[in-house]
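Note that ligands are numbered from 1 as they come in the structure, with each ligand's atoms numbered from 1 the same way.
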Amino acid sequence: MKKFSQRHLLGIKDITANDIQLVFETADNFKSIINRPIKKVPSLRDVTIANVFFENSTRTRISFELAQKRLSADIVNFSASSSSVSKGETLVDTVNNILAMKVDMVVMRHPAPGACQFLAKHVKAQIINAGDGTHEHPTQALLDAYSIREKLGGVKGKKVVIVGDITHSRVALSNIICLKKLGAEVMVCGPTTLIPKYITSLGVKVEHNLMNALEWCDVANMLRIQLERQDIKYFPSLREYSMLYGLDKDRLNSLSKEIVIMHPGPINRGVEITSDVADSKHAIILDQVENGVATRMAIMFLLAGVSELERLVQTERLVACMPEVLVRVSFLKKN
Ligand code: CP
């Protein structure tokens with residue numbers, strides 16, 4: 001059996017192209033399962049997962065919860081706003097208290113870059129990063145690349161432009177690393193103030209003219225302006241940003257070829273993308289959301305597989321007389 005190389009999913013930078021392909025192949029199986037009348041499989045029975053969200057989320061949170069339910073995991077949801085964090089409890093204390101209730105895996109979103117790496121060093125559970133500040137959003141990048149693969153038949157050699165607020169976007173960074181690992185060509189496009197100088201060191205092209213970028217690409221991933229992360233003004237007004245970098249039907253129709261439109265959500269309709277483009281046949285925005293469930297099922301399944309084997313090997317030593325466990329251990333070892 002091919003195995004995921006990491007115990008945690010903290011960022012795309014930590015995983016290999018083989019890991020990503022393994023996630024895609026596993027997600028293919030789960031996608032066919034969740035489109036059946038009976039969508040549930042027992043793969044994560046007896047695995048307990050805590051969803052710990054210190055920041056708002058719609059898609060990621062619901063997608064993880066649905067994926068866990070489809071895999072028959074036991075789940076507990078934690079939201080910072082209704083917890084004892086407001087009374088001054090630290091991140092490690094909060095999570096260790098949750099783990100004391102025998103939790104195997106933690107899915108965490110946190111506003112601080114590096115929060116998941118910190119947690120992985122200090123607690124025993126497996127950690128999945130559901131977005132840490134301006135740093136990484138690895139499951140978003142995996143579901144985005146999976147959606148490109150599904151729509152265009154592959155990722156290698158495809159030209160993908162990421163448009164907008166690159167400086168404050170964890171989606172941009174994880175997407176760039178993921179797409180480059182899979183052999184895509186990547187460009188970023190936006191105002192100079194929203195493109196960090198280091199970005200060319202990741203092997204991406206930079207373009208400040210939206211029409212040039214759209215003519216170049218096969219796929220345009222339109223990002224939201226992250227106003228909540230901007231402490232100063234990076235452009236004069238949203239209206240001006242929209243005039244220069246917003247994607248509307250006129251711009252789309254003036255291209256010499258058809259392109260695929262993506263958006264990680266939440267959309268600011270009329271700013272980075274107009275409604276007629278977001279709802280058009282060119283957009284795969286809701287396919288991305290659908291693929292999020294299968295992709296996240298694959299990730300949790302693969303991560304649990306590593307720990308399940310470790311756990312069963314331990315059990316084999318302790319309870320050598322249990323034939324059921326031994327059969328399962330030898331199956332996992334063989335495959
Ligand atoms: N794409 C994404 O992370 O959306 P949410 O913030 O709603 O989870």
Inset, instruction - Check the surroundings of atom CG in Asn56: do more than 12 heavy atoms from other residues, nucleotides or ligands lie under 6.0 Å from it? - result: no

Legend entry - Presence of salt bridge, Lys205 and Glu185, under 4.0 angstrom: yes

Legend entry - Closest approach of any protein heavy atom to atom 2 (C) of ligand 1, naming residue and atom: Thr60 OG1, 3.5 Å

Legend entry - Any side-chain heavy-atom pair of Ile148 and Val260 under 4.5 Å: no

Legend entry - Heavy atom of the protein closest to atom 1 (N) of ligand 1 (residue, atom name, distance): Pro264 O, 2.8 Å

Legend entry - Under 3.5 Å: N/O of Pro266 near N/O of ligand 1: no

Legend entry - Electrostatic pair Arg269:Asp279 at N-O distance under 4.0 angstrom: yes

Inset, instruction - Check if Gly131 has a non-hydrogen atom at a distance under 4.0 Å from any atom of ligand 1. - result: no

Inset, instruction - Measure the distance from atom 7 (O) of ligand 1 to every protein heavy atom, then report the residue, atom name and distance (to 0.1 Å) of the closest one. - result: Thr58 N, 2.8 Å

Inset, instruction - Consider every N or O of Arg61 and every N or O of ligand 1, then say whether any pair is closer than 3.5 Å. - result: no

Legend entry - Mutual orientation of the aromatic rings belonging to Phe301 and Phe30 [parallel < 30°, tilted 30-60°, perpendicular > 60°]: perpendicular

Inset, instruction - Distance to 0.1 Å, residue and atom name: give those for the protein heavy atom nearest to atom 4 (O) of ligand 1. - result: Arg59 NE, 3.1 Å

Inset, instruction - Examine Phe53 together with His110 and report whether their ring centres are nearer than 6.0 Å. - result: no

Legend entry - Atoms in ligand 1 flagged as close to Gly265, the criterion being non-hydrogen separation under 4.0 Å: 1 (N), 2 (C), 4 (O)

Legend entry - Minimum heavy-atom distance between Val106 and Val103, given as atom pair plus value: CG2-CG1, 4.4 Å

Inset, instruction - Examine ligand 1 and decide if any of its atoms is less than 4.0 Å from a heavy atom belonging to Arg109. - result: yes

Legend entry - Close-contact set for ligand 1 against Gln140 heavy atoms, below 4.0 Å: 1 (N), 2 (C)

